[in-house]
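First comes the structure, then the notes that go with it.
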Amino acid sequence: MSKKRILSGMRPTGRLHLGHWLGALKKWVELQDNYQCFYMIADWHALMSEYANPKDIKANIRECLLDWLSVGIESEKATFFIQSEVKEHAELHLLLSMISPLSWLERCPTYKEQLRELKTRDISTYAYLGYPILQAADIIIYKADAVPVGNDQLPHLELTREIVRRFHHFYGKSFPEPEPILTETPKLLGLDNRKMSKSYNNFIALADSPETISKKVTSMITDPKRIRKTDKGHPGICNVFSYQEIFNRAASEEIENACKKGLRGCTECKKMLAETLIVFLADFRARRKTWEERPEELSQILEKGKCLARKVAGDTLQEVRKKMGLV
């Protein structure tokens, strides 16, 4: 029996961080053995918000690929490709836009959220409103059976499923209705207790050096009610402890008890966390360094991925053209 197929992707907007690992990449590594995986570097999606300053996108494509390889996603098991190199996505996006009601896009909760959050960029554009249709095209052009998503992304996937059903209503069945593969995402705030974001520069990157990790952890906000080392702490409101629970789970109970009893200060706790994260990310850094020294192989991985992606996407698009009366 052939493996089911999944499609997922990330925008190349900078180096990936611990939030990306917990929210997506950890699951991607698990899925590569049991699914036919297509992993897309979504440069068109990045351009939708970075159109006024696109100079870093090309360099970030390389960084994105290096981060994926560094966490253990293997090029022999997964297909990596750059979205804009598979032009078929754009044509299917156009064709799907012809059957997608405007009201479906205007009610998208993520679109409304991004309008509120991205104050430094003007995203009140035709493309940004319609990006869920491009996202739907990204998924169904590979006839993906499933998409790994967090709970916050479920509305996007449901919109894709609605577009698929509408296409089937007009033209007959062509695509699977992609199912969600839910990723369990522990709550991980940024170093300053805000949402972890590249825009806020409040994250620990997967590629950060030990020195940088130590410096960043030292800057983390801890229990605001604790002034002296001997004060009884409140781990439940301490961001450093939330990281300990995720990355130092075996010792988290002892850390919690020592904090509550005022037996260990915040400085020592931060030092413990920094050491834990340095060890946790050591293999990632080592794999990344190996791949950084093999630029030709990186190019070959993307070329191979582009060829396979275009073959699959081209076959799907030809079927769509026929059903829509274009061939």
Side-chain angles (χ1 to χ4, degrees), residues 10-29 39 41 43 46 50 53 55-75 80 185-222 238-252 255 264-299 301-302:
M10 289 184 177
R11 296 180 303 127
T13 54
R15 287 189 170 184
L16 304 183
H17 52 63
L18 289 174
H20 294 114
W21 163 251
L22 288 171
L25 295 176
K26 183 179 179 182
K27 193 68 174 181
W28 288 16
V29 173
Y39 292 138
I41 301 175
D43 54 340
E50 307 301 321
N53 187 29
K55 62 182 178 64
D56 293 330
I57 290 179
K58 185 174 182 180
N60 286 336
I61 287 173
R62 179 177 180 274
E63 294 298 324
C64 190
L65 178 60
L66 283 169
D67 279 329
W68 289 357
L69 292 167
S70 77
V71 301
I73 306 171
E74 300 177 30
S75 58
F80 303 104
T185 309
K187 185 177 180 181
L188 191 71
L189 295 175
L191 305 176
D192 55 3
N193 285 9
R194 292 186 293 178
K195 177 182 177 181
M196 186 175 290
S197 168
K198 295 172 188 173
S199 301
Y200 298 149
N201 195 28
N202 64 350
F203 59 87
I204 294 173
L206 302 179
D208 277 345
S209 67
E211 295 75 20
T212 299
I213 292 171
S214 294
K215 184 176 180 180
K216 287 183 175 181
V217 172
T218 299
S219 73
M220 288 180 72
I221 297 173
T222 54
C238 177
N239 197 26
V240 172
F241 181 69
S242 71
Y243 278 65
Q244 297 277 28
E245 283 190 301
I246 295 169
F247 297 102
N248 199 7
R249 182 175 294 276
S252 62
I255 293 169
R264 180 181 290 120
C266 295
T267 299
E268 186 180 351
C269 189
K270 286 181 178 181
K271 184 179 179 182
M272 289 176 63
L273 176 61
E275 290 171 352
T276 296
L277 293 177
I278 289 168
V279 171
F280 176 76
L281 293 173
D283 287 344
F284 295 1
R285 288 192 300 273
R287 276 194 291 262
R288 171 182 256 271
K289 186 175 186 301
T290 298
W291 280 108
E292 284 175 334
E293 296 168 353
R294 297 152 65 183
E296 290 186 5
E297 288 187 49
L298 293 176
S299 298
I301 287 171
L302 291 176

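Residue numbers start at 1 and run along the sequence shown.
Looking at His20 and Phe203, their side chains never come closer than 4.5 Å, going by heavy atoms from C-beta outward. Between Arg249 and Gln244, every side-chain heavy-atom pair lies at or beyond the 4.5 Å cut-off. Side chains of Leu65 and Trp291 form no contact here, defined as non-hydrogen atoms less than 4.5 Å apart. Proximity of Asn53 to Lys55: side-chain heavy atoms (C-beta onward) are separated by under 4.5 Å at one or more points. Between Tyr39 and Ile73, some side-chain heavy-atom pair lies under the 4.5 Å cut-off. A heavy-atom distance below 4.5 Å is found between the side chains of Leu18 and Phe280. Under the 4.5 Å side-chain criterion, counting only non-hydrogen atoms from C-beta, Met196 is not in contact with Leu189. Proximity of Lys216 to Asn202: side-chain heavy atoms (C-beta onward) are nowhere separated by under 4.5 Å.
Of all heavy-atom pairs spanning Leu188 and Gly19, the tightest one is CD2-N, 4.0 Å. Among all heavy-atom pairs drawn from Val240 and Cys269, the shortest one is CG1-SG, 3.9 Å. Closest approach of Ile213 to Ala274, counting heavy atoms only: CG2-O, 4.1 Å. Of all heavy-atom pairs spanning Val217 and Lys270, the tightest one is CG1-O, 3.3 Å. Shortest non-hydrogen contact noted between Ile61 and Ile41 is O-CD1, 3.7 Å.
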Step-by-step side-chain contact (heavy atoms from CB on, under 4.5 Å) determination, Trp21 to Val29: CA-CA 10 Å; Trp21 163 251; Val29 173; 4.3 Å; yes

Between Thr212 and Ile204, is a side-chain contact (heavy atoms from CB on, under 4.5 Å) present by the stated rule, with each step listed? CA-CA 8 Å; Thr212 299; Ile204 294 173; over 6 Å; no

Given the rule in the side-chain contact (heavy atoms from CB on, under 4.5 Å) test, do Leu206 and Leu281 qualify, once you have shown the distances and angles that lead to the verdict? CA-CA 7 Å; Leu206 302 179; Leu281 293 173; 4.1 Å; yes

Verdict with supporting geometry, Thr222 and Asn239, side-chain contact (heavy atoms from CB on, under 4.5 Å): CA-CA 6 Å; Thr222 54; Asn239 197 26; over 6 Å; no

Salt bridge (Lys or Arg N to Asp or Glu O under 4.0 Å), that's the test. Do Lys289 and Glu293 meet it? Break it down for me. CA-CA 7 Å; Lys289 186 175 186 301; Glu293 296 168 353; 2.8 Å; yes

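Side-chain atoms of Arg11 do not come within 3.5 Å of backbone N or O of Ala46 as any donor-acceptor pair. Counting only distance, with no hydrogens or angles, the side chain of Tyr243 and the backbone of Asn248 share no donor-acceptor pair below 3.5 Å.
Put simply, SG on Cys238 and CG on Asn193 are 8.5 Å apart, with the number rounded to the nearest 0.5 Å. Here the straight-line distance linking atom SG of Cys266 with atom CG of Leu273 works out to 12.0 Å at 0.5 Å rounding. Rounded to the nearest 0.5 Å, atoms CG (Asn60) and OG1 (Thr13) are 6.5 Å apart. Remark: Ile255 CD1 to Phe241 CZ distance equals 7.0 Å, nearest 0.5 Å. Here OG1 of Thr290 is found 9.5 Å from CZ of Arg287. Values are rounded to the nearest 0.5 Å. Atom CG of Leu25 is separated from atom CZ of Phe284 by 8.0 Å, given to the nearest 0.5 angstrom.
Exactly one residue among Arg15, Arg285, Arg62, Arg288 makes a salt bridge (Lys or Arg N to Asp or Glu O under 4.0 Å) with Asp67. That residue is Arg288.
Crowding of Lys198 atom NZ: a count of heavy atoms from other residues, nucleotides or ligands under 6.0 Å exceeding 12.
Partners of Thr218 by side-chain contact (heavy atoms from CB on, under 4.5 Å), not counting sequence neighbours: none found.
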